Q: 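This is the structure I have questions about; it appears just below.
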Amino acid sequence: MATMADFRTSEKSWWCPGCGDFGVLAALQKALVELATEPENVALVAGIGCSGKIGNYINSYNLHVVHGRSLPAAQAVKLANRELTVLAAGGDGDGFAIGMGHYMHALRRNVDITYVVMDNQIYGLTKGQTSPTSDGGFHTKSTPNGNIEKSVNQMQLAIASGCGFVANGLSSNQKQLVQIIKQAIQFPGFALVNTYSPCVTFNKVNTYDFYKSELVNVDEDPTYDRHDKFAAMKMLMEHNELVTGIIYEDPNSTRYEDLVKGFKPEGIVNQKWEVDDETWNKVLAQYK
Amino acid sequence: MATMADFRTSEKSWWCPGCGDFGVLAALQKALVELATEPENVALVAGIGCSGKIGNYINSYNLHVVHGRSLPAAQAVKLANRELTVLAAGGDGDGFAIGMGHYMHALRRNVDITYVVMDNQIYGLTKGQTSPTSDGGFHTKSTPNGNIEKSVNQMQLAIASGCGFVANGLSSNQKQLVQIIKQAIQFPGFALVNTYSPCVTFNKVNTYDFYKSELVNVDEDPTYDRHDKFAAMKMLMEHNELVTGIIYEDPNSTRYEDLVKGFKPEGIVNQKWEVDDETWNKVLAQYK
Amino acid sequence: MLKEVCWQIGGEQGGGLDSTVEVFNTVASRAGYYVYAYKTFASRIKGGHTDFTTRLSTERVQAPAAGVNLLVTLDQESIDLCARNVYPGAIILADEAINAKLPEGIDAKLLTMPLNKLTLALGNPLMKNNLVLGASAAFLGMPIDGFKTYATTRWGNKGEEFVALIHKSMQEGYDYVVANWPELRLEIEEGDGKERLLMIGNEAAALGALAGGCRTVFSYPITPASEIAESLVKIFPKVGGVAVQMEDELASIVACIGAGFTGARAMTATAGPGISLMQEAMGLAAMTETPVVIVDTQRGGPSTGMPTKQEQSDLMALAYGGHGDSPRIVLAPGSVGELIPMTAEAFNLADNYHCPVLIASDLAIALFQQTVEPEEAKLSSMPQINRGPLANPEELAGLARDVFQRYSKQVNENGVSARSLPGIKNGQFLATGAEHGAFGKVTESAANRVYMMDRRMRRIQNVNTEAVRYFGSENADIVVIGFGTTVGAAKESIAEIEAATGKKAGVLQIRLIYPVPVAQIQAYVKGAKAMVVESNATGQFSFMLKGAGYNPANLYSLLKYDGTLITVEEIRNAAMAVLNGEGQYFVSGGGQGVRKAADPTITLAAQEA
Amino acid sequence: MLKEVCWQIGGEQGGGLDSTVEVFNTVASRAGYYVYAYKTFASRIKGGHTDFTTRLSTERVQAPAAGVNLLVTLDQESIDLCARNVYPGAIILADEAINAKLPEGIDAKLLTMPLNKLTLALGNPLMKNNLVLGASAAFLGMPIDGFKTYATTRWGNKGEEFVALIHKSMQEGYDYVVANWPELRLEIEEGDGKERLLMIGNEAAALGALAGGCRTVFSYPITPASEIAESLVKIFPKVGGVAVQMEDELASIVACIGAGFTGARAMTATAGPGISLMQEAMGLAAMTETPVVIVDTQRGGPSTGMPTKQEQSDLMALAYGGHGDSPRIVLAPGSVGELIPMTAEAFNLADNYHCPVLIASDLAIALFQQTVEPEEAKLSSMPQINRGPLANPEELAGLARDVFQRYSKQVNENGVSARSLPGIKNGQFLATGAEHGAFGKVTESAANRVYMMDRRMRRIQNVNTEAVRYFGSENADIVVIGFGTTVGAAKESIAEIEAATGKKAGVLQIRLIYPVPVAQIQAYVKGAKAMVVESNATGQFSFMLKGAGYNPANLYSLLKYDGTLITVEEIRNAAMAVLNGEGQYFVSGGGQGVRKAADPTITLAAQEA
Ligand SMILES: Cc1ncc(C[n+]2csc(CCOP(=O)(O)OP(=O)(O)O)c2C)c(N)n1
Ligand SMILES: Cc1ncc(C[n+]2csc(CCOP(=O)(O)OP(=O)(O)O)c2C)c(N)n1
Ligand code: SF4
Ligand code: SF4
Ligand SMILES: [Mg+2]
Ligand SMILES: [Mg+2]
C-alpha cells in the first residue's frame with residue numbers, strides 16, 4: 001500500500017513559505033494514502049496559478065493545462081479511463097474567473113471527479129490582483145481603490161447547479177480536510193472541495209487567523225442536515241460562504257458515466273478498438 | 001416620441017412562423033416605446049443563434065457579436081456611453097453554454113444593462129441540439145438517447161451571484177413581458193429578463209401550451225415578496241425554475257458605474273480626451 | 001441517351017425539400033449512378049430560397065455541373081435565381097399555381113404541372129414531394145420502381161396505407177409527365193446497378209473516426225461540422241464510445257487533450273470560429289506532446305462570416321494560428337471517400353507524432369453528398385491502428401519510480417519518445433504546457449529550452465504520409481494545385497484544359513497542407529506553370545508555399561471567395577489565361593467570370609521614400 | 001574614468017531585491033546616466049534565484065552589457081550563476097555570511113562584507129538593501145547623497161526616524177567600502193544631471209494610451225502585460241476613464257469591441273495565451289470595422305511556455321491567427337520610449353482603418369527599465385487625436401432613418417467609410433460579424449461578398465505609418481533587420497560589425513510587422529545581405545517576408561529562442577559569418593554561441609518519390 005512518501009516528489013516547492021497550498025497538498029496526499037490508492041492510478045489535472053503548480057509536487061499522473069481549463073480535461077480523463085481516481089485542482093482565479101463556464105457545466109454534468117479549489121481570494125502567481133472571490137472593498141494592484149464587484153459564491157452556485165457534493169475546508173485544518181477529500185473522492189459524481197488556502201504574500205486580509213475566527217463548521221453542528229439542499233443554500237447565503245465542512249451531499253447521485261448509453265464499465269482505454277465487420281457493415285448500411 | 005414603427009426595420013424576418021422570438025421582440029419594442037426612448041439612444045448587443053438575429057429587426061444601434069459574448073460587449077457599451085439604454089440579448093445556448101462565464105461575471109459586476117434571454121431550451125440555429133437548459137431526458141440530434149445532464153438553473157444562479165433584478169416572462173404573455181422589460185430597464189444595475197420563447201420547429205416538448213400550464217406566476221401572488229432573496233431562491237428551487245414574473249428585486253442596488261473612482265456621469269464618449277499638461281506632468285513625475 | 005444529367009430543385013427553405021432530395025439521390029445511387037449533390041442554403045431554418053442540385057452520371061463526378069438539365073421550381077424566386085444556370089434547351093418544371101414566368105433570354109422549356117391541385121386531391125401536403133419525384137423520374141427515364149421500393153423500406157413503419165399513398169403520388173407524377181409531354185425526355189443511360197455508398201463528408205469523417213479507434217468525441221455544435229458528432233453519438237453505443245456535447249470549443253479541445261493524455265483516441269470537430277477558440281490549447285497539446293485530432297469544416301470567415309457558404313480560408317489559422325512556435329500536422333481530403341481513411345490515419349499520425357493533427361475539410365465536402373466507392377469504405381482498406389511510441393508496462397513495472405522519462409532524449413526516427421499512460425506503474429509524469437525537462441517538471445533552463453523546442457518542431461518535418469497525389473499528364477505544361485473540394489473540379493478540368501489549349505495539364509492534390517511539402521510539389525511541377533486554386537481571398541496556400549521557399553515567379557493563382565464552389569469552367573479559363581501568358585493572378589466569382597487580379601498576398605503598398 | 005559600468009545583483013526571489021534595484025536605477029537616472037536594466041526571474045513568487053543587471057552609461061544604451069563590472073551577490077547560487085558573466089578583473093561583492101567561493105577560472109576580485117552582521121546591528125532586516133546600495137555607490141563613485149535624497153522623498157511618510165536609519169545604513173555601506181578597499185574603484189564619469197525618465201515598456205504603453213485618448217481598458221492579468229492595466233487603473237481616476245479587470249481575455253477583447261463600437265477608444269493588453277484566445281473576436285472587429293487596440297507583450301510560447309522569458313514568437317498569430325481572411329495592423333516598438341507615441345498612434349490607426357491594431361511588444365521591452373528621453377515623452381510630440389471617418393451628426397439629423405449606410409461604397413482614400421456612433425440620430429445600423437450589406441444587415445449575396453471582402457482587406461495595404469526606420473551606414477554590405485527588443489542590440493552592433501569586418505553595416509528597424517512592408521525593406525536593403533534577427537525558433541518574420549515575395553536567397557537569419565536576450569556580440573558574430581559567406585542561417589543561445597543551422601522554416605523534408 002502506498003505511503004505519503006510514495007505520493008511525494010523530489011521537486012523543491014516553488015510556493016512561498018507558509019502558503020496555504022502546502023496544507024492542501026498534504027491533505028490530498030494523506031487522503032489518497034488512506035483510501036489505499038496507488039500513484040499510478042491517480043490522475044490530477046491542474047490549472048495555472050500558484051495552486052496549479054501542485055502537479056509538480058505529487059507523484060501521480062499529472063496534466064497541467066492552460067489557465068482555467070482543468071475541468072474539461074479532468075472529465076475527459078475519467079471518461080477515458082474509469083478506473084482512475086481523477087482530481088482537478090486550481091485556484092480561485094483559474095476556477096471562477098476564466099474557468100467559470102467550465103465549472104458551471106462540470107457541476108451539472110456530474111462526471112465522477114473531485115475538484116479541489118485552493119481559494120486564496122487573490123491572484124497569487126500574477127502577483128496580487130483582485131480575484132473573483134476577493135471581498136468587496138479589497139485593495140490590490142488591480143483595484144487600488146478597492147474591489148467594487150460582488151464576490152463569487154462558488155458553493156451556492158454548486159448547489160444551484162445540482163452538484164451532489166459541496167464541501168469547504170481550511171488548509172490549516174488538516175484533519176477535517178483529509179476527511180472531506182476522502183469522502184469527496186468516494187462520492188459517485190462531481191464533488192466540490194473548496195478550500196480556503198491563504199496567500200501569505202499578497203492577501204493580508206484573508207489570513208489563517210481570519211478564517212479561523214470567521215468560519216462556521218457544519219461538521220461540528222449535530223443539528224445540521226447535509227442532505228437538505230435548502231438548508232445548505234440558506235446556510236451559505238446567511239454566512240456569506242464562510243462555512244466549513246461537508247455542506248451538502250446528495251444521497252441519490254448518479255454518475256454521468258452510468259447514464260451514457262452503451263458505455264462500458266472499463267471506459268475507453270482498456271477496450272479493443274478494432275471494429276468488427278458486422279458493426280462496420282451495419283453502420284455502412286445507412287449510406288447504401 | 002418614438003412609436004412602434006420607429007423601432008421596426010424593413011428586414012423580412014428570418015425566424016420561422018410562430019417562433020417565440022417574435023413575441024420577445026415585440027415586447028421589447030413596446031417597452032422601449034412606453035419608456036419614451038429614442039432608437040438612436042438604444043444599443044442592443046446580441047449573440048449568435050436564431051434569437052441573436054434580433055438586431056436585424058429592431059431599429060437601434062445593434063452589435064451582433066460572436067457566439068456567447070454579448071455581455072462583455074454590452075457592459076462596455078454602457079461604460080463608454082452611460083446615456084444609452086443598453087440591452088443584451090440572445091439564446092440559452094449563447095448565454096448559458098459558451099457564454100456562461102460571462103453571464104456569471106456580468107451578474108456580479110452590476111453594470112446597468114438589461115439582459116434578455118430567449119430561452120427555448122434548444123439550439124435553434126444549428127438545427128436542434130440539446131441546450132444547457134434542455135430538460136433531462138430530452139431527445140435531440142445530439143442526445144438521441146435522451147439528455148443525461150442536469151439543466152442550468154439560470155435564475156437561481158443569478159440570485160446566488162447577487163444579481164439585483166431577476167425576472168422571467170413568456171413570449172406569448174405580452175402584457176407581463178412588457179412590464180417586466182420596462183422595470184428591468186429602469187432597474188439601476190444588471191437586470192436579468194429570462195423569457196421562455198418556444199422554438200416551434202425543433203422543440204416539441206417545451207411549447208407555448210407547456211409553459212402556459214406549468215408556469216407559476218409570482219406577479220399574481222399577492223403574498224409573494226420579491227425583495228426576499230431567500231424566498232425567491234426557494235420558489236425557484238421548488239418549481240424547477242418554472243416561475244414567471246419579477247422574482248427578485250434588490251431595493252438597494254448600486255450600479256458599477258457609480259462605484260468607479262473618478263468616473264464621470266457622461267461616461268467616456270462625451271468627454272474631451274486631450275490630456276492637459278498638468279495631468280500629463282503629474283503622471284510623468286513618477287518616472288523621473 | 002445521356003451519360004450524365006443534372007437535376008435541380010428550388011423552393012423555400014425548411015419546406016421538406018431536403019428529404020425529397022435525399023430520396024432522389026439515394027434512389028439514383030442505388031440505381032448505380034454516381035452522384036454529386038450540392039445545395040444553396042442560408043443560415044436560417046424556415047423560409048428563404050434554397051436549391052439542391054444533383055449531378056448523376058454513369059461515371060464518377062466530383063464537381064458542380066456546368067449546367068442543369070431538369071430544373072424543378074416550386075416558386076418564382078427559384079426560377080429567377082436558378083433558370084440562368086440551365087443548359088440550352090433544358091426543361092424547367094414549375095407548379096402551375098405559381099404562375100411561373102421565365103426571365104428573358106433563357107433558352108429552356110418552361111412546363112407547368114398542377115402540383116398544388118394534385119396534392120390537394122391526394123389529401124396530404126407531403127405528397128407534393130412525391131409528385132415531384134415521380135415527374136422527375138419520368139423526365140430522366142429513371143424507373144419509378146426504384147423510388148417506390150425506397151419508399152416501402154423507408155416509411156414502411158408508418159403503415160401500409162401511407163406507403164400506398166406515397167406510391168400513388170409518385171406514380172401520378174410520373175404518369176402526368178408521360179401523358180402530357182411524351183416527347184420530352186432527357187434519358188440517361190441505365191446505371192450499372194453496382195452497390196455504392198452515398199454520404200456527406202461529415203459522415204465519412206465519423207466513419208473514419210470509428211475505424212481509427214476514436215471512442216471519445218468532445219465537441220460543440222456548429223455549421224457545417226455538427227453532423228460529425230451527431231453521427232458518432234448514434235454509432236458509439238454500439239462500440240462503447242462516448243460523444244459529449246461540451247459547453248464550448250475551449251472545453252472541447254481541452255477535453256480531447258485530457259482523453260489523449262489518458263490514452264484514448266479523441267477527436268473534436270468544428271468550423272472556423274471554433275478553430276480560433278482552440279488556438280491556445282493546440283499549443284498545450286504540442287507542449288505536452290499529446291495526440292489530438294481536430295476536424296475543421298471550413299466555411300466563410302472571418303468571425304461569423306458566411307456560415308453556410310464554401311470557403312478554404314482557415315489554412316493560416318490551422319497551421320500557424322497560436323502564439324509561440326508549435327508543431328501541428330494539417331491534412332486535407334480531396335473527396336468525401338478519401339476522408340474515411342484520412343480521418344482514421346489522422347489518429348495514427350497523432351499517436352506517432354504526439355502533436356495535434358488537423359483535418360482541413362470544407363463546407364462542400366462536409367455537407368454535400370458524394371458517391372463513395374465500396375473500396376474506399378472497406379474496413380480492410382482502412383489504416384491499421386498504430387499506437388506509436390508507448391512505454392512498455394512490464395518494463396516499467398520492473399523499474400523504480402522516477403526512472404521513466406516521458407520527454408526522454410531517446411527518441412525514434414521521428415524525434416518522438418515513448419509515452420506512458422495513467423494506470424501504468426512507474427510511468428507517472430507531469431504533462432505541462434510550461435517548458436519542462438525530461439520528467440516533465442517545469443524548468444526555465446536555456447539549454448533545455450533549445451533542446452525541447454527543437455525536439456517538438458523537428459518531428460513534423462518527417463511526417464510519413466502521402467503528402468501529394470498527382471493526376472493527369474506527365475510532363476505537364478500546367479499543374480493545377482488544389483486541395484479539398486477544389487480537387488474534384490480540378491481533376492475534371494484536365495481534359496478540358498488539354499482540349500482547349502493543346503497543352504498538357506496535370507493536377508497536384510495537396511493532402512498534407514502543413515508542414516508544406518514544398519520539395520514534393522517542386523518535384524511534380526518541375527518546369528510547369530503551377531496554378532494554385534483556392535477558395536479564399538488572400539491566397540493562403542500560395543503564401544505558405546512562398547514562405548516555405550517556393551519561387552513566387554512561377555506561382556500562378558486562381559481565387560474564389562464569394563461563397564460558391566469553384567467550377568471546372570473557371571479552372572479551365574484561368575489555366576488558359578495562364579498558358580496564354582495573360583497574367584499571374586486571377587479571381588472568379590461574385591457574378592463575374594475569371595478575371596485578372598493583383599497579387600492577393602497582403603503587403604504594404606510601396607510608399608514614397 | 002569609465003563611460004559605462006554594469007552593475008548586477010543576485011539573490012533570492014521575493015527578498016526585496018527588486019526595490020533595491022529600483023532605488024539604484026532611479027538614483028542613477030536622476031544623476032544623469034542612461035540606464036538599461038534587465039533581470040532574470042522565474043514564474044514563482046518567493047525563493048529561487050533572481051538577478052538584476054543595470055547598465056549605466058553617459059551615452060544611450062539599449063542592449064544587455066557584454067559583461068558585469070560590479071556583481072553583488074547575496075547567496076552562493078548567484079555567484080555560481082552570474083560570476084561567469086563578469087568582465088575580467090571585475091569586483092564581486094558577497095555577504096561574508098555565505099562563505100562565498102568563486103568558481104574556478106574566473107578573473108575577478110571576490111570581496112566579502114559582513115552584510116548580515118551590519119544589518120543585525122542596524123536592527124531592521126530591510127537595511128541590508130541600503131547597505132548594498134551604499135557599498136555599490138562607493139565602488140562606482142556615485143555620490144551617496146543622491147541615494148539619500150531619494151530615500152527622503154520616497155520614505156518620508158514613514159517618519160524621520162526611519163529615513164534616518166536608511167541614511168545611516170547607506171552611509172555605513174559606503175564607508176565600509178571606502179575604508180576597506182580604498183583603491184578599488186570603477187569610477188564612472190559624472191552623469192550630465194539632465195532630467196530623463198526611467199520606465200518599463202508597460203508603463204510607456206499606459207502613457208501612450210493616456211495620450212492617445214484611451215479611456216477604457218478591459219484586460220485580464222498576465223505576465224508580462226499586467227502593469228499596463230495596473231498603471232492605467234491608477235491614472236484613470238484623474239481623467240474619468242475606467243479599467244476593468246475582466247473574467248478572461250475572450251471577454252476583454254469583446255468588451256473593447258463594444259466600447260469601440262460606442263465610440264470610445266478601448267485597449268486590452270495581454271501576452272501569447274491571451275492573443276490565442278482573442279483570435280475569434282479579432283475577426284469580429286475586422287468584420288464590423290470596429291477600432292480596437294491590443295498590446296501583446298510576447299513571452300516564451302507556446303501554451304504556458306516560459307512566462308518570464310523573452311521571445312518574439314507571436315508574429316504569425318498576431319498577423320494571421322484567426323480563421324478566415326481579415327485585416328489587422330501589427331506594430332512593433334524598438335524601445336521603451338518609442339512605445340509611448342506608438343501606442344497613442346495605434347488608436348489613430350484603429351480609428352482610421354477600422355480594424356484591430358496590435359502592438360507586438362515583448363517581455364524585455366515590457367518589463368525592463370530603459371531611459372526615456374524627455375522629448376520622447378513630451379505631450380506636444382504625441383500624435384494628435386485623429387478620429388478618422390465619422391458621420392456628421394448634424395448632417396445625419398437632417399436625413400431620414402435608413403439613409404445612412406455604415407458600410408457605404410463611398411470610401412476615403414484608405415477604402416474606409418464613415419461610421420456613426422450610438423446616440424447619433426439616424427445613424428442606427430447593425431454591426432455584425434456575419435457578412436452584411438451597406439446597412440449592416442446580413443446578406444449572403446456572392447457579389448456583395450466579394451465587394452465586402454475586398455473592401456476590408458484593401459485598407460491595410462495603405463497604412464500610413466512609419467513602417468521602417470534605418471540606422472547606420474548608407475549602402476551597407478549587411479543590413480540587420482530587427483524589431484522589438486533586438487533593435488537596441490542591433491543598433492549597438494553596427495559599429496562592432498564595421499570594426500570587425502571593415503564592411504558597412506546598417507540596421508533596419510521594422511515598426512510595421514504586418515502588413516509586411518516588403519517594398520520598403522527592399523528599398524533599404526538594396527543589394528546588401530539582409531539578416532533578420534528574431535527571438536523565435538522558426539524565423540517567423542523571415543517566413544512572412546518570403547511569403548510576401550521577398551527573395552529567400554538573399555535572406556539571412558539569426559535566431560535565438562532560449563529565453564534570453566540577443567546580445568550585441570551575437571549579432572556581430574552572426575553578421576561576420578554572413579559576410580564571410582559561412583552560411584545563411586544561424587542560431588544562438590542555450591549556452592552555446594552563434595552557430596550555423598538549417599533553414600528554420602518548417603517544411604516537409606524531401607521524400608523518396
Ligand atoms: C489565458 C491566460 N490568461 C492569463 C494567464 C495569467 N495567469 C496565470 S495564473 C493566473 C491567476 C492566478 O490566480 P489563481 O487562479 O487564483 O491562482 P493562485 O496563483 O492564486 O493560486 C493568471 C491570470 C494565463 N496563464 N493564461
Ligand atoms: C464559437 C461558435 N461555436 C458554435 C457556433 C454555432 N452556433 C450558432 S448558434 C448556436 C447555438 C444556438 O442556440 P441558442 O443560443 O439557444 O439560440 P437559438 O438559436 O436557440 O435562439 C451555435 C452553437 C458559433 N456560431 N460560434
Ligand atoms: S504568492 Fe501566495 S499563493 Fe502564491 S505561493 Fe506565495 S503564498 Fe502561495
Ligand atoms: S428554429 Fe426555432 S428558434 Fe429558430 S427561428 Fe425557427 S422556431 Fe425560432
Ligand atoms: Mg488565487
Ligand atoms: Mg436556444
Side-chain angles (χ1 to χ4, degrees), chain B residues 6 9-11 14 38-43 45 48 53 55-56 59-66 68-81 83-84 101-102 104-105 109 257 260-264 266-271 273-275 277 279-284 286-288, chain D residues 29-30 195-199 203 207 210-211 213 215-216 218 235-242 244 246-248 250-252 254-259 261-266 280-281 283-284 288 372 377 379 385 401-402 421-434 440-442:
Chain B
D6 292 326
T9 70
S10 55
E11 287 294 293
W14 281 27
E38 295 295 329
E40 67 269 20
N41 293 325
V42 175
V45 183
I48 301 290
K53 294 192 197 293
N56 282 271
N59 179 35
S60 62
Y61 278 91
N62 289 291
L63 178 57
H64 188 210
V65 295
V66 287
R69 324 246 178 252
S70 64
L71 289 172
Q75 293 169 82
V77 169
K78 184 70 184 183
L79 293 176
N81 187 344
E83 287 164 15
L84 302 174
H102 306 309
M104 299 304 302
H105 290 279
R109 201 170 282 125
E257 305 90 289
V260 176
K261 188 172 167 199
F263 205 49
K264 303 191 177 160
E266 69 267 33
I268 305 291
V269 293
N270 299 320
Q271 290 178 43
W273 298 332
E274 278 75 16
V275 190
D277 277 309
T279 309
W280 184 253
N281 290 331
K282 209 181 281 168
V283 173
L284 275 199
Q286 60 190 304
Y287 305 117
K288 281 180 181 162
Chain D
S29 177
R30 289 188 181 173
E195 188 177 270
R196 296 192 185 81
L197 300 155
L198 183 65
M199 66 182 80
E203 292 163 338
L207 282 175
L210 175 67
R215 294 293 176 274
T216 49
F218 301 92
I235 293 172
F236 273 169
K238 297 195 215 317
V239 294
V242 59
V244 188
M246 299 299 287
E247 53 271 25
D248 60 21
L250 303 155
S252 301
V254 177
C256 287
I257 294 171
F261 165 80
T262 312
R265 292 189 147 189
E280 187 195 18
L284 174 65
T288 55
V372 172
L379 190 53
I385 291 177
R401 59 172 275 198
D402 297 339
L421 304 178
I424 299 183
K425 196 172 160 71
N426 294 327
Q428 298 91 291
F429 72 101
L430 173 65
T432 171
K441 296 298 186 322
V442 175

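The structure displayed is predicted, hence computed values, not measured ones. Naming: A, B, ... by sequence-line order, numbering from 1 per chain. Excluded from the calculations below are hydrogen atoms, water molecules and symmetry mates; all remaining heavy atoms, backbone and side chain alike, are included.
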Q: Kindly give the heavy-atom pair with the smallest separation between Gly240(D) and Ile268(B), and that separation in Å.
A: O-CD1, 3.5 Å

Q: Glu195(D) versus chain B, heavy atoms under 4.5 Å apart: side chain, backbone, both or neither?
A: side chain

Q: Quick check on the interface: out of Leu63(B), Asn281(B), Asn41(B), who has the most heavy-atom pairs with chain D under 4.5 Å?
A: Leu63(B)

Q: With a 4.5 Å cut-off on heavy-atom pairs, point out which of Arg109(B), Gln75(B), Lys264(B), Glu38(B) contacts chain D the most.
A: Arg109(B)

Q: Hey, are the side chains of Ile257(D) and Val65(B) touching, using non-hydrogen atoms and a 4.5 Å cut-off?
A: no

Q: Is it the backbone or the side chain of Phe261(D) that comes under 4.5 Å from a heavy atom of chain B, or both, or neither?
A: side chain

Q: Under a 4.5 Å heavy-atom cutoff, which of Asp277(B), Leu71(B), Asn59(B), Asn81(B) has the most pairs with chain D?
A: Asn59(B)

Q: Can you find a pair of side-chain heavy atoms, one from Leu207(D) and one from Tyr287(B), that are under 4.5 Å apart?
A: yes

Q: Can you measure from NZ (Lys53(B)) to NZ (Lys441(D)) and round to the nearest 0.5 angstrom?
A: 13.5 Å

Q: If we only count heavy atoms from C-beta on, is the Lys78(B) to Thr262(D) side-chain gap below 4.5 Å?
A: no

Q: Got Met246(D) and His105(B) here, is their nearest side-chain heavy-atom distance under 4.5 Å?
A: no

Q: Using a cut-off of under 4.5 Å for heavy-atom pairs, which of Thr279(B), Leu84(B), Ile48(B), Val42(B) has the most such pairs with chain D?
A: Leu84(B)

Q: Under 4.5 Å heavy-atom distance to chain B, tell me which part of Val372(D) shows up: side chain, backbone, both or neither.
A: neither

Q: Taking every non-hydrogen pair under 4.5 Å, which of Glu247(D), Glu203(D), Met199(D) racks up the most with chain B?
A: Glu247(D)

Q: So which heavy atom on Pro39(B) is nearest to which on Gln428(D), and how close?
A: CB-NE2, 3.2 Å

Q: Supply the atom-to-atom distance Leu421(D) CG to Glu40(B) CD, rounded to the nearest 0.5 angstrom.
A: 13.0 Å

Q: Indicate the atoms forming the closest heavy-atom contact of Val260(B) with Gly241(D), along with that distance.
A: CG1-O, 4.2 Å

Q: Given the options Ala211(D), Gly423(D), Ala264(D), Gly263(D), which has more heavy-atom pairs under 4.5 Å with chain B than any of the others?
A: Gly423(D)

Q: If I take atom OG1 from residue Thr9(B) and atom CG from residue Asp402(D), how far apart are they, to the nearest 0.5 angstrom?
A: 8.0 Å

Q: Minimum heavy-atom separation for Ala76(B) to Ala255(D), with atom names?
A: CB-O, 2.9 Å

Q: Given 3.5 Å as the limit, does a donor-acceptor pair link the side chain of Tyr61(B) with the main chain of Ile424(D), or not?
A: yes

Q: What are the two closest heavy atoms between Val239(D) and Gln271(B), and how far apart are they?
A: O-OE1, 3.0 Å

Q: What heavy-atom pair brings Leu379(D) and Val275(B) nearest, and what distance separates the two atoms?
A: CD2-O, 3.4 Å

Q: Measuring heavy-atom distances to chain B, does Arg401(D) have an atom under 4.5 Å in its side chain, in its backbone, in both, or in neither?
A: side chain

Q: With distance as the sole test, does Trp280(B) use its side chain to make a donor-acceptor pair with the main-chain N or O of Ala377(D) at under 3.5 Å?
A: yes

Q: Answer yes or no: is there a donor N or O on one side and an acceptor on the other, between the side chain of Arg69(B) and the main chain of Leu250(D), under 3.5 Å?
A: no

Q: Counting heavy-atom pairs under 4.5 Å with chain B, which one of Leu284(D), Asp248(D), Thr288(D), Asn426(D) comes out on top?
A: Leu284(D)

Q: Given a strict heavy-atom distance threshold of 4.5 Å, which part of Leu79(B) is in contact with chain D: side chain, backbone, both, or neither?
A: side chain

Q: Mind ranking Gly433(D), Pro422(D), Pro237(D) by heavy-atom pairs under 4.5 Å with chain B and telling me who comes out on top?
A: Pro422(D)

Q: Just verifying a value: how many Å separate Ile385(D) CD1 and Glu274(B) CD, rounded to the nearest 0.5 Å?
A: 4.0 Å

